[in-house]
Protein chains: 2
Amino acid sequence: MSLPHAILTALLEKPSSGLELTRRFDKSIGYFWSATHQQIYRELGKLEAEGQIRALTPEQPARGQKKSYEVLPAGRAELARWTASAQDPKPLRDTMLLRLRAAAVVGTDGIEADLRRHLDLHRRQLAEYEEIEEHDFPPDRDSPQDRLRHLVLRAGIDLETFWTQWLTHAIEEFAELP
Amino acid sequence: MSLPHAILTALLEKPSSGLELTRRFDKSIGYFWSATHQQIYRELGKLEAEGQIRALTPEQPARGQKKSYEVLPAGRAELARWTASAQDPKPLRDTMLLRLRAAAVVGTDGIEADLRRHLDLHRRQLAEYEEIEEHDFPPDRDSPQDRLRHLVLRAGIDLETFWTQWLTHAIEEFAELP
DNA sequence: AGCCTTTATGCAACTAGTTGCACAAACGCG
DNA sequence: CGCGTTTGTGCAACTAGTTGCATAAAGGCT
């Protein structure tokens, strides 16, 4: 049940319409919680029905009209409650690791190319994060907000670094294999 | 669509009943692809209907009887096909990162305790993986199978190492914050 | 024998996320 | 002006995963 809270966070950072939210989920928030526009519209509907958010431009004739939302006090309270509540980390789920395990029994044919492709993808993502870090977090800015956001970005950078290193190692391992 | 392939892999490593699979998913395979017993039973039924696996003990009177499955040639072929096929990495989804981002707007009250709890959990997981490494992968064993499985375990170890380091850093950050 | 716990299989209902498509207004352009 | 593209909202159907419960045999115990 994290999507509504992701949306509340995004709306508190800046009131937005469904499509604007969708775009922001394609960057920023989406780096650690992705969502499609359908998920977002559905959830906006629910949140509005529950009184956690409200439309800024009321009584629009439905379709094709941009509709912005802002967070109501009830929504902010719910987000604060959720943020502070204890939650267990979700166990890892990774198909590439599963495929390597499968490769150990059915053979490694074809998988090496995809390891290389993944390495490339992770390198690009890493470069993107590092660019954001350089651009948005110069050494002088360090309000509590900045520090928290930087911390989150750091996790992204370190994770991508881990994957590039591990994939590099995996490819080397394949080179000396059969 | 990875669960059927996870099951095929597990069954190729060793033919098993539903409950045995469930137990093995609680360790080993489950470290990177977890599943509940209901998911597993449902999927076993499907795989049998599709002719990818078959029950070793046929015509048992249904309930309460242990039923072991083995992989048929069609299942092995499907697993090989899937393993070699290109697949995009799934974007990250992590509630703790989302909560930190939320904390930047609604306040950090209560979240620090959960950071510490997560640190503890990840340390335990790391210790468990390291024990497995020591026990199952002594330096001399290095058949291709062993190397691939070790590679997968290494990913688990390095990931947990990353999380313990990042969480430690996050907690330090909190200490100097407000 | 009777009863309790463990082992084992499974159904049904629910929640979350994905995919494919529909539809309307606004915008750009010849 | 009319016509195609982009922007924006949304429904419906599907797939994947979770939760709660039912049921039945086997084994241990007195």
Length of the CD-P vector between A/Glu20 and D/dT7, whole Å: 13 Å
Geometric class of the B/Tyr129/B/Tyr31 ring pair [parallel <30°, tilted 30-60°, perpendicular >60°]: perpendicular
Upstream residue (5' side of DNA chain C) when B/Gly18 and A/Leu3 are each assigned their closest nucleotide: B/Gly18
Between P of D/dT9 and CG of A/Leu56, the distance in whole Å: 13 Å
Between OG on residue B/Ser2 and CG on residue A/Leu97, distance to nearest 0.5 Å: 11.5 Å
Partner of A/Tyr41 by side chain to side chain contact (heavy atoms under 4.5 Å, CB included), out of A/Leu21, A/Leu19, A/Thr36: A/Leu19
Atom-to-atom span, CD of A/Gln38 to C1' of C/dT15 - whole angstrom: 18 Å
Nearest-nucleotide 5' precedence on DNA chain C, B/Arg23 against A/Trp33: B/Arg23
d(CG, A/Leu19; P, C/dC23) in whole Å: 20 Å
Flag side-chain contact, heavy atom, 4.5 Å: B/Glu78 against B/His5: yes
Proximal nucleotide (of D/dT18, C/dT18, D/dG10) relative to the A/Tyr41 side chain: D/dG10
Interatomic distance where CG belongs to B/Asp88 and P belongs to C/dT18 [whole Å]: 13 Å
Spacing between B/Lys90 atom NZ and D/dG17 atom C1', to the nearest angstrom: 11 Å
N/O donor-acceptor pair, side chain A/Gln39 with base C/dG17, under 3.5 angstrom: no
Side-chain N,O (B/Ser17) to OP1/OP2 (C/dT9) below 4.0 Å: yes
For atom CZ of B/Phe25 and atom C1' of C/dT9, their distance in whole Å: 17 Å
N/O (side chain, B/Arg93) to phosphate O (OP1/OP2, C/dA16) under 4.0 Å: no
Residue whose closest nucleotide on DNA chain D lies nearer the 5' end, B/Arg42 versus B/His37: B/Arg42
Spacing between A/Leu44 atom CG and C/dG17 atom P, to the nearest angstrom: 15 Å
Salt-bridge criterion met for B/Glu20 and B/Lys14 (N-O under 4.0 Å): no
